[in-house]
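Fair warning: this is a prediction, and the values are worked out from it, not measured in the lab.
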Amino acid sequence: MANLRPISLCSVLYKVISKILVKRVQPYLPEIVSETQSAFVEERLITDNILIAHELVHSLKVHPRVSSEYMAVKSDMSKAFDRVEWSYLRSLLLALGFHQKWVNWRGLRQGDPLSPFMFVLCTEGLSHLLNKAQSEGILDGIQFSDNGPVIHHLLFADDSLFLCKASKEKSMVLQEILRIYGKATGGKEVLLKSVALAMPVFAMSCFKLPKTTCENLESAMASFWWNSEEHSRKIHWKSWDKLCLSKDLGSLDFRNIQSFDQALLAKQAWRLVQYPDCLLDKLMKSRYYDEEIFFDASLSQRPSFAWRSILFGRDLLKKGLIKRVGNGKSMLVWLDKWLDDEGVRAPWRKNQFFEVGLKVSSLINPRTGYWDSDLLQDLFLPHDISLIKALKPMVSIEDF
């Protein structure tokens with residue numbers, strides 16, 4: 001009951017103005033907010049930090065150096081916005097470069113659309129203290145390679161994970177930083193507690209669910225569908241696999257749990273390709289494929305379950321990828337799948353003998369920047385020629 005407090009209801013006019021401020025501040029958050037904070041910032045997903053945290057905790061168990069030298073501290077920054085000192089928030093906003101008129105918009109309360117974004121900015125004070133301690137050499141984070149990022153904290157909205165050397169001196173430094181931050185914000189004392197992830201979609205976005213778990217979930221859903229009363233067993237007139245077929249095929253389009261899990265993991269794999277500068281990719285690259293591209297990365301030695309799961313998603317991603325022709329210098333004519341013919345495939349071979357290492361760039365006339373028609377006639381079947389000519393090479397950029 002001590003944590004219960006009345007929620008201040010916001011008027012319509014208040015919310016309109018607050019939402020305008022939200023729209024104004026949102027585009028600047030990625031530049032202002034530390035990349036260790038993944039909540040409420042555009043192009044960042046909280047699942048990134050979940051996977052990073054898993055990878056770091058996994059290294060505490062299996063990595064020879066990390067497991068013997070480092071420790072992790074899980075904390076809950078237990079405070080609401082009506083518990084944050086306005087003087088702290090005001091000073092922080094001014095230090096970040098916000099205009100005085102913007103800062104003077106006061107009265108943040110529960111229910112205010114601006115509140116989550118202000119909370120994210122509040123944690124920048126903590127990030128600054130930790131980064132300052134690292135730059136002064138009094139706090140160390142985990143770093144897998146010289147080219148990889150140094151990570152000493154991760155923020156998940158109001159939850160956080162701290163990582164440092166397992167020594168009394170480093171522990172005292174971390175404790176002092178948390179004391180300073182707690183005193184400045186006026187929030188509750190930091191409480192250490194474990195947090196269990198309740199939403200299955202988060203777990204499925206980060207880790208491959210065991211086959212037994214998927215089957216148990218599907219069994220529970222099937223039972224709920226066919227049984228009209230609790231604790232009663234009715235006949236399942238169709239298998240779950242058939243119920244998962246699309247409505248176009250006369251079924252109900254339910255989700256196949258294992259396929260859905262792989263699709264979410266494929267999204268994580270695509271994120272590593274699409275955002276090569278995000279913290280998750282920099283960490284994974286330094287750990288597993290420092291000298292390779294993501295699609296060529298192997299399982300490696302003693303991989304984490306998160307990495308195994310991402311590679312499971314990558315298997316699905318590869319099936320749906322098609323390379324687009326730029327200058328053609330990185331694409332092999334006969335081995336890469338670059339033609340879209342109701343599915344992605346490599347061209348059919350017209351001749352019995354062919355050059356295995358032939359690149360798509362060899363098919364482009366360097367003078368016109370378009371396909372060499374005579375060469376296409378010599379190498380390809382008529383249907384493939386029409387598909388190739390439908391593609392417009394862009395010789396000024398690399399293949400993508």
Side-chain angles (χ1 to χ4, degrees), residues 205 208 244-246 248-249 256 258-278 280-281 284-285 288-300 303 307-366 368-400:
S205 297
K208 178 184 178 183
C244 290
L245 295 175
S246 69
D248 294 338
L249 299 176
N256 179 289
Q258 194 165 19
S259 298
F260 181 52
D261 185 22
Q262 189 175 23
L264 291 173
L265 291 169
K267 183 179 179 181
Q268 289 290 353
W270 177 243
R271 184 170 173 77
L272 295 183
V273 178
Q274 196 172 19
Y275 299 102
D277 293 328
C278 73
L280 174 62
D281 181 70
M284 289 299 191
K285 185 176 180 64
Y288 294 109
Y289 55 103
D290 213 7
E291 304 296 332
E292 302 175 294
I293 63 172
F294 172 67
F295 286 108
D296 295 334
S298 61
L299 195 59
S300 188
W307 180 243
R308 291 176 182 271
S309 301
I310 289 175
L311 294 189
F312 175 63
R314 186 185 66 177
D315 293 340
L316 177 63
L317 183 63
K318 284 183 175 180
K319 294 178 181 179
L321 283 180
I322 178 172
K323 293 190 73 173
R324 297 296 182 186
V325 180
N327 55 25
K329 292 181 179 180
S330 67
M331 299 177 64
L332 296 174
V333 172
W334 307 114
L335 300 182
D336 286 331
K337 297 178 180 179
W338 55 287
L339 293 186
D340 190 359
D341 185 21
E342 298 182 357
V344 186
R345 65 172 177 85
W348 303 119
R349 292 189 290 272
K350 177 181 179 181
N351 305 316
Q352 184 177 1
F353 300 101
F354 61 95
E355 182 184 347
V356 177
L358 182 66
K359 293 189 175 181
V360 175
S361 58
S362 302
L363 308 177
I364 302 173
N365 187 319
T368 64
Y370 196 63
W371 303 109
D372 188 324
S373 298
D374 294 335
L375 191 56
L376 295 184
Q377 293 291 338
D378 292 339
L379 297 177
F380 302 102
L381 297 171
H383 179 63
D384 282 358
I385 293 175
S386 63
L387 294 177
I388 294 173
K389 287 188 173 182
L391 302 174
K392 295 181 179 180
M394 291 176 278
V395 295
S396 60
I397 62 174
E398 297 181 355
D399 303 319
F400 58 99

With sequence neighbours left out, which residue pairs that include part of residues 379-392 fulfil the side chain to side chain donor-acceptor pair (under 3.5 Å) condition? Asp341-His383, Arg345-Asp384
Starting at CD of Glu291, measure out to NZ of Lys285 and round the result to the nearest 0.5 Å. 7.5 Å
Partner set under side chain to side chain donor-acceptor pair (under 3.5 Å) for Trp371, not counting sequence neighbours: none
Set of residues satisfying ring-ring contact (aromatic ring centres under 6.0 Å, His included) with respect to Phe312, sequence neighbours excluded: none
If you look only at pairs with a residue in residues 340-360, which of them pass as a ring-ring contact (aromatic ring centres under 6.0 Å, His included), with sequence neighbours excluded? Trp334-Phe354
Quick one: side-chain contact (heavy atoms from CB on, under 4.5 Å) partners of Lys329, sequence neighbours excluded? Asn327, Ser361
Side-chain heavy-atom pair Leu332, Lys359 within 4.5 angstrom cut-off: yes
Does any non-hydrogen side-chain atom of Arg314 lie less than 4.5 Å from one of Lys318? yes
Set of residues satisfying side-chain contact (heavy atoms from CB on, under 4.5 Å) with respect to Ser396, sequence neighbours excluded: none
Identify, with sequence neighbours excluded, every residue that meets side chain to side chain donor-acceptor pair (under 3.5 Å) alongside Gln377. none
Can you tell if the side chain of Ile388 reaches within under 4.5 Å of the side chain of Trp338, non-hydrogen atoms only? yes
Restricting to side chain to side chain donor-acceptor pair (under 3.5 Å), what partner residues turn up for Ser259, sequence neighbours left out? Asn256
Yes or no on side chain to side chain contact (heavy atoms under 4.5 Å, CB included) for Val273 and Phe295, after CA distance, side-chain angles and deciding distance? CA-CA 9 Å; Val273 178; Phe295 286 108; 3.6 Å; yes
What's the spacing between Leu363 CG and Met331 CE if we round to 0.5 Å? 10.0 Å
Sorted by chain and residue number, the side-chain contact (heavy atoms from CB on, under 4.5 Å) partners of Asp281 (sequence neighbours excluded) come out as Leu272, Pro276, Cys278, Tyr289
Mind checking whether Leu379 and Val333 have side chains closer than 4.5 Å, heavy atoms only? no
Return the set of residues passing side-chain contact (heavy atoms from CB on, under 4.5 Å) with Ala266 (not counting sequence neighbours), or none when no residue passes. Leu316, Leu317
Interatomic distance, Leu381 atom CG to Leu376 atom CG [nearest 0.5 angstrom]: 12.0 Å
Pairs satisfying salt bridge (Lys or Arg N to Asp or Glu O under 4.0 Å), at least one member in residues 260-274, at least two apart: Asp48-Arg271
